[in-house]
2 protein chains.
Amino acid sequence: MLPDVRFSTILIADDHQLFNEGLRTLLTFDGSLFRVVGQVYQGNDVIPAIHKLNPAIVLMDINLPNRNGIDLSRQIVREFPSVRIVIISMYSYQKFVDELQEIGISGYLLKSASQEELVRCLNQVSNGMTYFDPKLKAASPHQEDEFIRRFKLSPRELEIIVLIKQGLATPDIARRLFLAEDTVKTHRKNIYYKLDITNVAELIQFANEQGL
Amino acid sequence: MLPDVRFSTILIADDHQLFNEGLRTLLTFDGSLFRVVGQVYQGNDVIPAIHKLNPAIVLMDINLPNRNGIDLSRQIVREFPSVRIVIISMYSYQKFVDELQEIGISGYLLKSASQEELVRCLNQVSNGMTYFDPKLKAASPHQEDEFIRRFKLSPRELEIIVLIKQGLATPDIARRLFLAEDTVKTHRKNIYYKLDITNVAELIQFANEQGL
DNA sequence: GTCCAAATACCCCAAAAGGGGTATAGATTC
DNA sequence: GAATCTATACCCCTTTTGGGGTATTTGGAC
């Protein structure tokens with residue numbers, strides 16, 4: 001019997017059995033265009049499963065016993081160029097993402113994604129496009145009027161808080177914003193004064209609490 | 001209408017939306033005795049949800065944004081003694097398990113558990129018994145957290161990461177741990193090297209991703 | 001036309017962070 | 001027994017941070 005071409009066949013590789021099972025059930029809804037053809041729970045089982053099942057897409061965690069998803073991705077791209085890879089991970093560690101993108105994976109989803117995002121991602125990937133979790137890019141909306149007033153932070157100060165949180169040092173920020181270092185220092189001092197804090201760690205805690 | 005006593009009502013608290021959704025679908029099979037009455041995605045939402053939904057069991061991750069599962073467990077046991085708590089976590093840290101057991105949770109499952117184990121656990125808990133993942137005992141060295149091995153961070157290094165994240169400066173940490181400042185500096189340098197980062201902001205990002 | 005907040009930029013200084021080494025004792029692993 | 005890992009602690013040095021000021025310009029608000 002020939003495989004039904006309407007369906008994208010999917011292999012799930014995740015050592016968290018509950019998550020693995022959960023993914024399968026999430027992809028098995030009425031009208032779903034996906035068919036989970038295999039589930040494995042450790043790195044060593046991925047390549048044999050691809051051999052045997054020839055899935056269109058491998059949905060894989062980075063963190064697998066025996067072999068990690070990055071090495072596996074490299075091998076899959078090399079040996080099964082037609083198989084598309086979607087990484088699904090709790091890490092938004094940019095180093096991982098960059099490395100994997102360079103290797104040539106088709107998608108990267110965070111485990112904090114929703115079912116809708118999962119389906120959208122797999123749809124795009126099965127149509128030959130790529131999908132990378134929007135949360136990976138630190139984009140900030142402009143809806144914080146509430147707490148700006150509360151802490152009396154100016155727009156410029158907010159901008160600088162976000163950059164500090166991203167790991168930029170004062171000179172980096174100055175270059176980025178075309179400002180003198182001293183100006184950025186002044187802003188930092190004012191921010192610390194307004195928030196009643198004394199170092200970066202506390203600033204980042206604040207930023208995280210505010211969802212910056 | 002009275003609640004159907006045949007069902008155990010369940011509140012799911014996990015920030016990984018896909019996992020959260022997956023759990024719900026896994027518990028919604030034919031003949032299931034469980035009914036998922038609520039799903040929340042951050043620590044702050046747990047207590048209000050219990051107030052509103054009065055679930056029999058809270059199925060909760062340890063790592064939640066805003067508030068962690070350990071603090072929450074303490075509050076739930078104190079304020080809602082009839083609500084049973086089952087922790088579902090990727091960590092098999094004995095320290096966490098011990099602490100939670102002392103607080104009085106009813107169960108602890110690893111995310112690597114199977115659907116059968118999940119159901120068995122919830123059955124036992126809803127019948128007033130406890131259930132702790134069998135893998136917790138066999139744990140010790142091998143079952144150590146994946147990410148520790150991945151990043152090869154030593155226990156001392158982890159300890160210091162947590163203190164840095166809390167906003168302590170090197171001299172503070174040295175005093176706290178009865179170490180020379182230079183020792184703490186060395187640990188910092190080694191941590192930065194291992195994680196391939198260059199400043200506190202990046203370190204805190206990492207720590208937050210790991211739920212440290 | 002004055003007042004004020006915001007953004008800009010400089011002065012001073014001390015403390016902390018960051019980056020390059022080396023070294024030694026103790027435990028564990030091979 | 002050798003190799004490795006961990007924790008400890010020191011050397012060197014530069015850069016960044018944090019904290020105290022002052023000051024100018026600009027654009028609105030009153």
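Note that this is a predicted model, so its numbers are computed, not measured. Hydrogens, waters and symmetry mates play no part in the numbers below; they use all other heavy atoms, side chains included. Order of the sequence lines fixes the chain letters, A, B, ..., with proteins taken first and strands second; residue numbering starts at 1 for each chain.
- The C1' atoms of five pairs define one axis at each end of the helix from C:dG1-D:dC30 to C:dC30-D:dG1, and these two axes lie 50° apart (to 10°).
- Between the side chain of B:Asn199 and the main chain of B:Glu202, a donor-acceptor pair closer than 3.5 Å is present.
- Taking B:Arg24 as the reference, B:Glu21, B:Gln39 meet the side-chain hydrogen bond (donor to acceptor under 3.5 Å, both in side chains) condition, with sequence neighbours excluded.
- Take A:Phe80 and apply the ring pair (Phe, Tyr, Trp, His ring centres under 6.0 Å) test, not counting sequence neighbours, and it matches A:His51.
- Rounded to whole Å, the distance from NZ on A:Lys194 to C1' on C:dA7 is 11 Å.
- As rounded to whole Å, 17 Å separates atom C1' of D:dG20 from atom CZ of A:Arg188.
- Legend: residues meeting side-chain hydrogen bond (donor to acceptor under 3.5 Å, both in side chains) with A:Glu181, ordered by chain and number and at least two apart, are absent.
- In this entry the distance linking CG of B:Leu163 with C1' of C:dA16 reads 16 Å, nearest Å.
- Listed by chain and number, the residues in a side-chain hydrogen bond (donor to acceptor under 3.5 Å, both in side chains) with B:Asn190 amount to none (sequence neighbours excluded).
- The stretch residues 174-184 of chain A does not touch DNA chain D, since none of its heavy atoms comes less than 4.0 Å from the strand.
- Scanning for salt bridge (charged side-chain N to carboxylate O under 4.0 Å, His left out) contacts around A:Asp182 gives an empty result, with sequence neighbours left out.
- Shown here are the side chain to side chain contact (heavy atoms under 4.5 Å, CB included) partners of A:Gln75, two or more places apart in sequence or in another chain: A:Ile47, A:Arg67, A:Arg78, A:Glu79.
- The side chain of B:Thr170 contributes an N or O atom lying less than 4.0 Å from OP1 or OP2 of C:dA17.
- With sequence neighbours left out, the salt bridge (charged side-chain N to carboxylate O under 4.0 Å, His left out) criterion links A:Lys111 to A:Asp14, A:Asp61.
- In this structure A:Thr25 satisfies the side-chain hydrogen bond (donor to acceptor under 3.5 Å, both in side chains) test together with B:Thr25, sequence neighbours excluded.
- Taking the side chain to side chain contact (heavy atoms under 4.5 Å, CB included) definition, one finds that B:Arg74 meets it with B:Ile70, B:Asp71, B:Glu99, B:Ile103, sequence neighbours left out.
- Going from atom CD1 of A:Ile161 over to atom P of D:dT17 covers 15 Å, rounded to whole Å.
- Following rounding to the nearest Å, B:Glu159 (CD) and D:dT8 (P) show an atom-to-atom distance of 9 Å.
- What separates NE2 of B:His187 from C1' of D:dC5 is a distance of 12 Å, to the nearest Å.
- Side-chain N or O atoms of B:Glu117 include none that pairs as donor or acceptor with a backbone N or O of B:Leu109 at under 3.5 Å.
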- [ ] Between protein and nucleotides 19-25 of chain C, map the contacts as a letter string: B base, S sugar-phosphate only, - none, heavy atoms under 4.0 Å, written 5' to 3'.
- [x] BBB----
